[in-house]
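Below: the structure, in structure tokens.
Counting begins at 1 with the first residue of the sequence.
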Amino acid sequence: MASTLRLSSSSSCSRQIDAAIHVPKLPKVIPYFSVPKIPTRKQLVQELNIREGFTFTGIVPVEKINEITTTSTDDKIATTQLYAILEAVADRVEMHANIGKQRENWNTLLLNSINMITLTAATMAGAAAIGGAGMPLLALKLSSTLLYSAATGMLLVMNKIQPSQLAEEQRNATRLFKQLQTQIKTMMALGTPSKEDVKGVMEKVLAVDKAYPLPLLGAMLDKFPAKFEPSVWWPSNQQLQKKNKSSEGKQRAEKNNGWSEEMEVEMREIIEVVKTKDIEDYERLGNLVLKINKILAISGPLLTGIAAVGSAFVGNGSWAVVVAVAAGALGSAVNAFEHGGQVGMVFEMYRNCAGFFRLLQESIEATLEERDLGKRENGELFEMNVALKLGRSLSQLRELARKSASSRMDGTTIDEFASKLF
């Protein structure tokens, strides 16, 4: 009986164990996505070679790796340098703008002060002639003489530095640095800058610094040169404007890069009009204003000096008071005309306009001298820039070139200026 129980229990346990082991099979799940295979190193190298135009050999050329690494590093350095230059240019814009306002205030304050001193001295000289003799006469004579002397000294300094011309110089420098600031931003936005771009921008910054210096002592421009000369704010070895990298592929596809023989003839005619009309006219006006400014700069201190001498002799004759009062009044009028009319500013404006046309002339000539059309700026873009600088549409620019050509064939001078802006 006991053996029967042991056998039944063991068979029961074996059935339980067997039931636990034989688990029913689950149905297979069909995958709805596939995991991408990770490419091997060999496949990556092969793909890199194919992209770079090499026949697969299993090895990336060391020269190509070095070239890519060097180019990338140089581009990053050039971009960083341009950002540094951009910060310096922004600082110069602020400096020139502030100093321009300061020197404009100089012109207003000195003009008003000198005229008030001169008129007060003339009034004292007239009162001294009426006041009689004694100590009141001496006091009025002495005060008038001192005021005229002070006005003469201040006029000499003011005429030497020409505050209105100094203010115009700073306004021009501010405008040019803002223009350069925009060019740098455009250069970085359109393509990857190079070392040559950085060098060109540096030369432009230094050229503007030289053309419009900030300090007065030692570096101030000559306000009364022997001859009128246009302003020069661009590098002497200026290179042609480079094509944007984003458009290089398109320009390679164009055989002539937008240029044609007719366009070259058109640009040469524009140069002739600019030289014979615009530049010549501004040089004539600049020389005229320079002569007027020289005469006024000498006449003002001379008249106040004569008035100072005349006021010292008031009471010794009727002629002394006439000289003192009349010369003082004339000196005040001359000073008001010279600095109130800002003759120095007009002279500087003519220098800047003549420089603008000189730069345009050199730019066109340098472009036409380049025989490789692929190295030039795109012809259509260049023509549009010239038209905008002269304030004309493209049709008006071509019409001007036709008029110039016909006038030269007839042996006459064209009766129209190239620029419609100024």
Margin query: Checking the side chain of Asn378 only, and the main-chain atoms of Glu380 only, is there a donor and an acceptor separated by less than 3.5 Å?
Written below: yes
Check: With no hydrogens and no angle check, is any side-chain donor or acceptor of Ser363 less than 3.5 Å from a backbone partner on Leu359?
Finding: no
Check: Are side-chain N/O atoms of Asn172 and His96 paired as donor and acceptor at under 3.5 Å?
Finding: no
Check: Does the side chain of Leu400 reach to within under 4.5 Å of the side chain of Glu266, using non-hydrogen atoms?
Finding: no
Check: Got a sec: does the CE of Met202 have more than 12 other heavy atoms crowding it under 6.0 Å?
Finding: no
Checklist line | Neighbour count >12 (heavy atoms, 6.0 Å) for atom CZ, Phe417 | finding: yes
Next item on the list: Give the C-alpha distance, both sets of side-chain angles, the deciding distance and a yes or no for side-chain hydrogen bond (donor to acceptor under 3.5 Å, both in side chains) between Ser194 and Asp197.
Entry: CA-CA 5 Å; Ser194 61; Asp197 296 328; 3.3 Å; yes
Next item on the list: Could you check if a side-chain atom of Lys195 sits within less than 4.5 angstrom of a side-chain atom of Ile77, using non-hydrogen atoms only?
Entry: no
Checklist line | Heavy-atom check, side chain of Glu196 versus side chain of Lys199, under 4.5 Å | finding: no
Note to self: Within the supplied structure, the quantity of interest is the number of heavy atoms (other residues, nucleotides, ligands) at a distance under 6.0 Å from Lys223 NZ; does it exceed 12?
What the structure shows: yes
Item checked: Student check: side-chain heavy atoms of Ile306 and Tyr148 closer than 4.5 Å -> no
Margin query: What I want to check is whether the side chains of Trp234 and Glu362 have a donor and an acceptor closer together than 3.5 Å.
Written below: yes
Checklist line | Minimum heavy-atom distance Ala121-Ser144, with the two atoms named | finding: O-OG, 2.8 Å
Next item on the list: Consider only side-chain N and O atoms of Gln162 and Glu338, and report whether a donor and an acceptor are under 3.5 Å apart.
Entry: yes
Notebook entry, point to check: If you round to the nearest 0.5 Å, how far is CZ of Phe356 from NZ of Lys389?
Noted result: 6.5 Å
Note to self: Looking at Lys101, I want to see if its NZ is surrounded by more than 12 non-hydrogen atoms of other residues, nucleotides or ligands under 6.0 Å.
What the structure shows: no
Next item on the list: List the steps and the verdict of side-chain contact (heavy atoms from CB on, under 4.5 Å) for Lys204 and Gln183.
Entry: CA-CA 11 Å; Lys204 289 181 180 180; Gln183 291 176 359; 3.6 Å; yes
Next item on the list: Give a yes-or-no answer on whether the side chains of Asn385 and Glu377 include a donor-acceptor pair shorter than 3.5 Å.
Entry: yes
Next item on the list: Sort out for me which residue in Asn159, Ile114, Asn112, Leu110 forms a side-chain contact (heavy atoms from CB on, under 4.5 Å) with His339.
Entry: Asn159
Check: Going by atom types alone, do Thr118 and Ser332 pair a side-chain donor with an acceptor below 3.5 Å?
Finding: no
Check: So, Asn256 side chain and Gly258 main chain: donor-acceptor pair closer than 3.5 Å or not?
Finding: no
Notebook entry, point to check: Just wondering, do Leu221 and Gln165 contact through their side chains at under 4.5 Å, heavy atoms?
Noted result: no
Checklist line | Verdict with supporting geometry, Ser231 and Glu348, side-chain contact (heavy atoms from CB on, under 4.5 Å) | finding: CA-CA 8 Å; Ser231 299; Glu348 183 61 30; 3.7 Å; yes
Notebook entry, point to check: Going by atom types only, do Thr367 and Arg376 share a side-chain donor-acceptor pair under 3.5 Å?
Noted result: no
Margin query: Do Pro225 and Leu290 have side chains that approach each other closer than 4.5 Å (heavy atoms only, starting at C-beta)?
Written below: yes
Margin query: Counting only heavy atoms from other residues, nucleotides and ligands, does the tally under 6.0 Å from NZ of Lys291 exceed 12?
Written below: no
Margin query: One pair to check against salt bridge (charged side-chain N to carboxylate O under 4.0 Å, His left out): Glu262 and Arg398. What are the steps and the verdict?
Written below: CA-CA 10 Å; Glu262 292 78 9; Arg398 293 161 187 163; over 6 Å; no
Checklist line | Main-chain N/O of Pro163 paired to Asn107 side chain as donor or acceptor, under 3.5 Å | finding: no
Notebook entry, point to check: So, Ser404 versus Glu269: side-chain donor-acceptor pair below 3.5 Å or not?
Noted result: yes
Notebook entry, point to check: Atom CD of Glu168 and atom OH of Tyr212: how far apart are they, to the nearest 0.5 Å?
Noted result: 8.5 Å
Next item on the list: Working to the nearest 0.5 Å, report the span between CG of Leu214 and CD of Gln170.
Entry: 5.5 Å
Next item on the list: Spell out, as yes or no, whether a donor-acceptor pair under 3.5 Å connects the side chain of Arg371 to the backbone of Leu368.
Entry: yes
Next item on the list: State the CZ-OG1 distance between Arg103 and Thr108, to the nearest 0.5 angstrom.
Entry: 14.5 Å
Checklist line | 4.5 Å side-chain heavy-atom contact, Leu166 and Ser164 | finding: no
Item checked: Ser311 side chain vs Ala308 backbone, donor-acceptor pair below 3.5 Å -> yes
Check: Taking the side chain from Ser406 and the backbone from Lys403, do they hold a donor-acceptor pair closer than 3.5 Å?
Finding: yes
Item checked: Distance-minimising heavy-atom pair for Gly328 and Ala307 -> N-CB, 3.6 Å
Checklist line | Any donor-acceptor N/O pair, Thr123 side chain to Leu119 backbone, under 3.5 Å | finding: yes
Notebook entry, point to check: Among Val89, Ile85, Leu86, whose side-chain contact (heavy atoms from CB on, under 4.5 Å) with Leu180 holds?
Noted result: Val89
Notebook entry, point to check: If we only count heavy atoms from C-beta on, is the Thr174 to Lys178 side-chain gap below 4.5 Å?
Noted result: yes
Checklist line | side-chain contact (heavy atoms from CB on, under 4.5 Å) evaluation trace for Leu397 with Met267 | finding: CA-CA 9 Å; Leu397 188 70; Met267 290 296 117; 4.2 Å; yes
Check: Looking at Glu283 and Arg358, does any basic side-chain N land under 4.0 Å from a carboxylate oxygen?
Finding: yes
Margin query: Would Gln396 and Leu390 count as a side-chain contact (heavy atoms from CB on, under 4.5 Å) here? Give the steps.
Written below: CA-CA 10 Å; Gln396 290 175 340; Leu390 296 178; over 6 Å; no
Check: What is the minimum heavy-atom distance between Leu394 and Ala387, and which atoms define it?
Finding: CD2-CB, 4.1 Å
Next item on the list: For atom CD of Glu416, decide whether the heavy atoms of other residues, nucleotides or ligands shown that lie under 6.0 angstrom number more than 12.
Entry: yes
Note to self: Is the ring pair Trp259/Phe382 parallel, tilted or perpendicular, if the boundaries are 30 and 60 degrees?
What the structure shows: tilted
Checklist line | Ion pair check, Glu104 and Arg171, cut-off under 4.0 Å | finding: yes
Notebook entry, point to check: Hey, does the side chain of Asn293 reach the backbone of Val343 with a donor-acceptor pair shorter than 3.5 angstrom?
Noted result: no
Checklist line | Separation between CG of Leu176 and CH2 of Trp233, rounded to the nearest 0.5 Å | finding: 6.0 Å
Check: Which value, rounded to the nearest 0.5 Å, describes the distance between Leu137 atom CG and Ile130 atom CD1?
Finding: 12.0 Å
Checklist line | Contact summary for Val314 and Ala125, nearest pair of heavy atoms | finding: CG1-O, 3.9 Å
Note to self: Holding to ring pair (Phe, Tyr, Trp, His ring centres under 6.0 Å), I want the full list of residues that pass it with Phe357, two or more places apart in sequence or in another chain.
What the structure shows: Tyr282, Phe422
Notebook entry, point to check: Do the side chain of Thr304 and the main chain of Gly300 share a donor and acceptor less than 3.5 angstrom apart?
Noted result: yes
